[in-house]
Enquirer: 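A single structure is presented below for examination.
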There are 2 protein chains.
Amino acid sequence: MNIEAQLQQVFDLPPQQVRKISPYFVEEQMAKGMFFLGQGQRADRLSFVASGLFRVFAQTESKEVTQWIGGSGYFITDLSSFLFDQPGRWQIQALTDAKIFSLYKDDYKHFEALIPEWNVLEKRFIAKCFMILEKRVFDFISLSAEERYLHYFEQHKAYFNQVPLQYIASVLGMTPETLSRIRSKVGS
Amino acid sequence: MNIEAQLQQVFDLPPQQVRKISPYFVEEQMAKGMFFLGQGQRADRLSFVASGLFRVFAQTESKEVTQWIGGSGYFITDLSSFLFDQPGRWQIQALTDAKIFSLYKDDYKHFEALIPEWNVLEKRFIAKCFMILEKRVFDFISLSAEERYLHYFEQHKAYFNQVPLQYIASVLGMTPETLSRIRSKVGS
DNA sequence: TTGTATTCTTGATAAATGTCAAGAGCATTG
DNA sequence: CAATGCTCTTGACATTTATCAAGAATACAA
C-alpha cells in the first residue's frame with residue numbers, strides 16, 4: 001500500500017492536501033526481528049505500515065503479552081508516549097521484513113501550521129482508534145474465546161500464515177494450547 | 001464536582017479559557033432509571049457527570065452487556081455517534097439520581113471558533129480515553145478474573161454500594177455468580 | 001408496614017480454559 | 001544435509017468459570 005493512498009484513506013483528505021503532508025513520511029525498511037521501539041524507549045515517530053507485520057507487546061512479571069498485531073494499513077507507535085512525551089509502555093517488533101512510512105515528531109509538530117485542519121483530522125483519527133478498542137473491549141465481555149477467535153480470523157486471515165500463533169493467542173487473551181484446540185475444533 | 005473545576009482538569013485549561021466555554025454546558029437533572037440515551041438514539045450531547053452514576057450498555061441477542069459505569073468526573077456519551085453522526089450503539093441509563101452538565105452538539109460546533117486551540121484540547125481528551133481503553137484491553141489479556149476485580153475495586157470502591165453487582169460483573173467480563181464468589185473469597 | 005421485585009449468595013454440576021509435559025513438525029543455520 | 005531451535009499439537013489433569021436452581025437478603029412500592 002502506498003503512502004499517499006493510505007493517508008487519503010485514513011484522514012479522508014483530497015489529493016492536493018495529501019501531497020502537502022506525504023513528503024514528511026519517510027520510508028524505512030525493517031528486517032524481521034528488528035525493534036521499531038525497544039523497552040522503555042520514547043516513541044519519536046508515528047508510522048504507517050506499507051508492508052510487513054509488527055507486534056506490539058509488553059512485559060509483565062510473569063510473561064510477555066502481545067496487545068496488538070499491526071499489518072499493512074495500520075499505524076504503529078506508542079500513542080501515549082508519542083502524544084504526551086511519556087516513557088514508552090510498549091515494545092514493537094517486526095515479525096517479518098517490513099516497509100513503513102514514518103512521521104517524525106519534529107515534522108509532526110509543524111503539521112498544524114501546514115494544514116489548518118490538521119488537528120481536526122488527527123482528532124478523528126484518534127477517535128477511530130478509540131472505537132476499535134471500544135469494540136475490542138466489548139468482544140471480551142460479550143463473546144466466548146471461540147467467538148473471539150472466529151471474529152479475529154475473519155478479519156485477519158492474512159496474519160495466520162505469517163505470525164506465530166502464540167502471539168495471536170495472546171491478542172485474543174488465551175493460551176497457545178487453547179487457541180490450538182479451538183482451531184482444530186472449528187477446523188481452519 | 002462543579003463544571004468549571006472539571007473542565008479545567010480534563011482539558012488542562014487556564015481559568016479564563018474555562019469561563020469562555022463553561023456557559024455552554026447546561027445543567028440537567030436525571031432521576032434514577034431515566035435514559036440519557038435510548039436504544040438506537042443518536043447522541044446529541046457530550047455530558048460530564050457532576051454527581052450520580054450511569055451505566056453504558058448494549059443489547060446482544062442473548063443478553064444485556066454493561067460496557068462501562070461512569071460516575072462523577074467522567075464523561076458520558078456515545079462517542080462514535082456524537083462525533084460521526086452515526087446511529088447509536090450504546091444505551092445509557094442513570095443508576096442513581098444524577099446531575100450532569102451537557103454540551104449540545106449545536107454549541108459544540110462553535111467551539112473551534114470560540115477557542116482557537118479547541119481541537120488540540122479535544123484531541124488530547126480523546127487520546128486519554130483511548131489510553132484508558134488500551135489499559136483495559138491489556139488487563140483482559142494479562143490478568144485473571146480475580147486480579148481484574150481487585151484492580152477495579154481499588155479504583156472504584158464508591159460504586160460498590162450503589163451499583164447492582166451484576167452490572168459490575170458484566171464490566172469485568174464475568175457472571176454475577178463468579179463475581180460473588182470472588183468477593184467472598186478475597187473478603188471485601 | 002407489608003407484600004412484591006429484584007438482587008445476591010450458595011450449592012451441585014457441567015463446560016471451558018490453564019498447566020505441564022512430551023513429541024512432531026518446520027524453519028534456520030552452519 | 002544434518003543439527004539445532006522454535007513452534008505447534010496433543011494428552012492428562014487441575015483450576016477456573018459458567019450454568020441452573022433454590023433460598024436469603026435487600027430494596028421498592030402499595
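Basis for what follows: all heavy atoms, side chains included, without hydrogens, waters or symmetry-related copies. Order of the sequence lines sets the chain letters (A, B, ...), proteins ahead of strands, with each chain counted from 1.
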Enquirer: Expressed as a whole number of angstroms, how long is the span from A:K63:NZ to C:dC20:P?
Expert: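 So the two atoms are 12 Å apart, to the nearest Å.
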Enquirer: Quick one: B:L95 CG to C:dT7 P, roughly how many Å, whole number?
Expert: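 Rounded to whole Å, this separation is 11 Å.
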Enquirer: Rounded off to whole Å, could you give me the CD-to-P distance for the A:E64 and D:dT7 pair?
Expert: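 Going from A:E64 (CD) to D:dT7 (P), I get 10 Å.
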Enquirer: Which glycosidic conformation, syn or anti, is assigned to C:dA5 if syn requires a torsion within 90° of zero?
Expert: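 With its glycosidic angle within 90° of zero, C:dA5 counts as syn.
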Enquirer: C:dT17 P sits how many Å from A:F140 CZ, rounded?
Expert: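 Rounded to the whole Å, the gap is 12 Å.
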Enquirer: Name the one of A:D12, A:L13, A:I21 that satisfies side-chain contact (heavy atoms from CB on, under 4.5 Å) with A:L121?
Expert: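 Filter result, single survivor: A:L13.
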Enquirer: Take the protein atom CZ of A:F160 and the nucleotide atom P of C:dC26, then report the distance between them rounded to whole Å.
Expert: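 Interatomic distance, CZ of A:F160 to P of C:dC26: 18 Å.
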Enquirer: Is it true that, when you exclude A:Y24 itself, more than 12 heavy atoms of the residues, nucleotides or ligands shown sit nearer than 6.0 Å to its OH?
Expert: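 Incorrect, the count does not exceed 12.
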Enquirer: For A:Q166 and C:dC26, give me the distance from atom CD to atom C1', rounded to whole Å.
Expert: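 In whole Å, C:dC26 C1' and A:Q166 CD are 14 Å from each other.
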Enquirer: Measure up the A:Y74 and A:H156 rings against each other and bin them: parallel (under 30°), tilted (30 to 60°), perpendicular (over 60°).
Expert: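 Tilted: the ring planes of A:Y74 and A:H156 meet at 30° to 60°.
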Enquirer: Starting at atom CG of A:L165, determine the distance to atom P of D:dC6, rounded to an integer number of angstrom.
Expert: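 So the CG-P distance, A:L165 to D:dC6, works out to 17 Å.
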Enquirer: If we call it a pair only when both distances are under 3.5 Å in a Watson-Crick or G-U wobble match, what pairs with C:dA5?
Expert: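 Paired with no nucleotide.
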Enquirer: With sequence neighbours excluded, what pairs up with A:K63 under the side chain to side chain donor-acceptor pair (under 3.5 Å) test?
Expert: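 Once residues adjacent in sequence are excluded, A:K63 has no partner under the side chain to side chain donor-acceptor pair (under 3.5 Å) criterion.
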Enquirer: For D:dT26, what is the paired nucleotide under Watson-Crick or G-U wobble rules, both distances under 3.5 Å?
Expert: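 Paired with no nucleotide.
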Enquirer: Once you round to the nearest 0.5 Å, how far does CZ of A:F101 lie from CD of A:E4?
Expert: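 The CD atom of A:E4 is 9.5 Å from CZ of A:F101, to the nearest 0.5 Å.
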Enquirer: Just by distance, with hydrogens left out, do A:Q162 and A:T96 show a side-chain donor and acceptor under 3.5 Å apart?
Expert: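 No donor-acceptor contact under 3.5 Å links the two side chains.
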Enquirer: Starting at atom CD1 of B:I141, determine the distance to atom P of C:dT17, rounded to an integer number of angstrom.
Expert: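 The distance from CD1 of B:I141 to P of C:dT17 comes to 16 Å, rounded to the nearest Å.
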Enquirer: Can you check each nucleotide of nucleotides 13-30 of chain D against protein heavy atoms at under 4.0 Å and return B for base, S for sugar-phosphate only, - for none, in 5' to 3' order?
Expert: ----SSBB-------S--
